[in-house]
Chemist: 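Dropping a structure here in structure tokens format, bear with me for questions.
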Amino acid sequence: MKNMLAFASDYMEGAHEEVLQHLMKLNMEHNPGYGTDVYCDRAKEKIKSACECPEAEIFFLVGGTQTNQVAIDTMLESYEGVVAAATGHVSLHEAGAIEYTGHKVLNIPGHDGKIDAKELAKYLETYYADENHEHMVFPGMCYISHPTEYGTLYAKEELKQISEVCHKYDMPLYLDGARLGYGLMSKGTDVTLPVLAKYCDAFYIGGTKVGALFGEALIFTGKKVPKHFLTRVKQHGALLAKGFLLGAQFEALFTDHLYERISSHAVELADYMKKELVKRGCKLYLDSPTNQQFFVVENEKLSEIADKVMYSFWEPADKDHTVIRFATSWATKKEDVEELLKLFE
């Protein structure tokens, strides 16, 4: 496998060199546990500054599914569920992690991975118009991802509209940012960290897929942290004793714009790959501006390249074609992309 081209996902390597160097410097230090260390404190201040949200409260967790489960479970009442696109990560690829906590995922249509504010409003209007709604699962929050599972992005205006619908019904808007860096650095986007801090009640900045060994930074804006949150994180088995390892990684990622630089690298290579594969006759499944690129490929061709490149199966297109995903990352090299392109000449 080590000789194959690696485009299956964006978490196939360890960590960016600058992150590892930072970890090596503190390796033999004696730091207090559970996120009470100076590295977590400094990382939080850097993130608050980047978000232009001094009142933000930030917690570091290990992985994406863990972060989604903890955030959603603690923000919901026992009788509430979370509204999400049918294609959302919490709906499909988290093995029922949300339902495991007793909260139902309430699916609404997704459009290339995104939900529509008007459809969300219609869903909520219909729910509350039902005289029997108190016998049903209450929609307690809204989940979106950015980038979505299809590599698509929300525009600032779309986030604003969704946020307005959520606040009309007094439900928080939560954004899954597992690949957030690759969305923030995509060409043409008008969504920034301050925009997310303005329109989302909670969101997380993904590190696992964007240069860290592991780790996500969960951000609550506007004093919206659930009561006794740290205690409830521990109830989930999600409180890392060596929390300083998380803080140090995010301190490195938010020093000298490292998070932005490595995200831009992945997006630029993905855009180059997309344009060159299209020139070679590959059909786009959809047009993603991020590090995830989706193509409709003949099954015969996939058999031909199966032992040369790692890719993600997405879904069957028809009996002769399959939708696959190629993902670049902070670690992708231009020569790897060039080798991939040769497979389609």
Chemist: Test the Lys46-Phe250 pair against the cation-pi criterion, namely NZ or CZ under 6.0 angstrom from the six-membered ring centroid and within 45° of the ring axis.
Modeler: no
Chemist: Could you tell me whether a side-chain N or O of Thr221 sits under 3.5 Å from a main-chain N or O of Cys200, the two making a donor and an acceptor?
Modeler: yes
Chemist: Excluding sequence neighbours, so at least two apart, what forms ring-ring contact (aromatic ring centres under 6.0 Å, His included) with Tyr128?
Modeler: His133, Tyr169
Chemist: Are the ring centres of Tyr285 and Trp314 closer than 6.0 Å?
Modeler: no
Chemist: Between Arg42 and Glu45, does at least one N-O distance fall below 4.0 Å, as a salt bridge requires?
Modeler: no
Chemist: Any salt bridge linking Glu315 with Arg325? Criterion: basic side-chain nitrogen under 4.0 Å from a carboxylate oxygen.
Modeler: no
Chemist: Salt bridge or not between Lys274 and Asp287? Use side-chain N to carboxylate O under 4.0 Å.
Modeler: yes
Chemist: For Phe138 versus Leu106, what's the shortest heavy-atom pair and its separation?
Modeler: O-CD1, 4.1 Å
Chemist: Please check: side-chain N/O of Thr74 versus main-chain N/O of Pro226, any donor-acceptor pairing under 3.5 Å?
Modeler: no
Chemist: I'd like to know if the side chain of His103 reaches the main chain of Glu80, judged simply by a donor and an acceptor atom lying under 3.5 Å from each other, with no hydrogens or angles considered.
Modeler: yes
Chemist: Any donor-acceptor pair under 3.5 Å linking the side chain of Thr36 with the backbone of Gly33?
Modeler: yes
Chemist: Would you check if the distance from the ring center of Phe59 to the ring center of Phe229 is below 6.0 Å?
Modeler: yes
Chemist: Looking at Ile98, is its backbone amide N or carbonyl O close enough to the side chain of Thr101 to form a donor-acceptor pair, meaning the two atoms are under 3.5 Å apart?
Modeler: yes
Chemist: Tell me the closest heavy-atom pair linking Asp112 and Thr148, and the distance in Å.
Modeler: O-OG1, 3.5 Å
Chemist: Can you name the closest pair of heavy atoms from Ala217 and Ile58 and give their distance?
Modeler: CB-CG2, 4.4 Å
Chemist: Of all residues at least two apart in sequence or in a different chain, which pass the side chain to side chain contact (heavy atoms under 4.5 Å, CB included) check with Asn132?
Modeler: Asp130, His135
Chemist: So that I can tick it off, tell me whether Glu164 and Lys160 are bridged by a salt bridge, with the cut-off set at under 4.0 angstrom between side-chain N and carboxylate O.
Modeler: yes
Chemist: Under the 3.5 angstrom rule, does the side chain of Tyr259 hit a backbone N or O of Ile205 as a donor-acceptor pair?
Modeler: no
Chemist: Do Val70 and Tyr100 land in one hydrophobic cluster if side-chain heavy atoms of ILVMFWY residues count as linked below 4.5 Å?
Modeler: no
Chemist: Please confirm whether Lys283 makes a cation-pi placement over Phe295, using NZ or CZ under 6.0 Å from the six-membered ring centre and within 45° of the ring normal.
Modeler: no
Chemist: For the pair Asp190 (side chain) and Ala155 (backbone), establish whether a donor and an acceptor sit closer than 3.5 Å, ignoring hydrogens and angles.
Modeler: no
Chemist: Using the salt bridge (Lys or Arg N to Asp or Glu O under 4.0 Å) rule, take Glu345 and Arg280 through it: C-alpha gap first, then chi angles, then the decisive distance, then the call.
Modeler: CA-CA 6 Å; Glu345 289 179 346; Arg280 288 160 171 77; 3.5 Å; yes
Chemist: Does the Lys NZ or Arg CZ of Lys234 fall within the cation-pi geometry relative to Tyr34 - under 6.0 Å from the ring centre and within 45° of the axis?
Modeler: yes
Chemist: Among all residues two or more places apart in sequence or in another chain, which pass the side chain to side chain contact (heavy atoms under 4.5 Å, CB included) test with Thr87?
Modeler: Ala85, Tyr150
Chemist: Ring of Tyr199, cation from Lys156 - is the NZ or CZ under 6.0 Å from the centre and inside 45° of the axis?
Modeler: no
Chemist: Salt-bridged, Lys122 to Glu119, with N to O below 4.0 Å?
Modeler: no
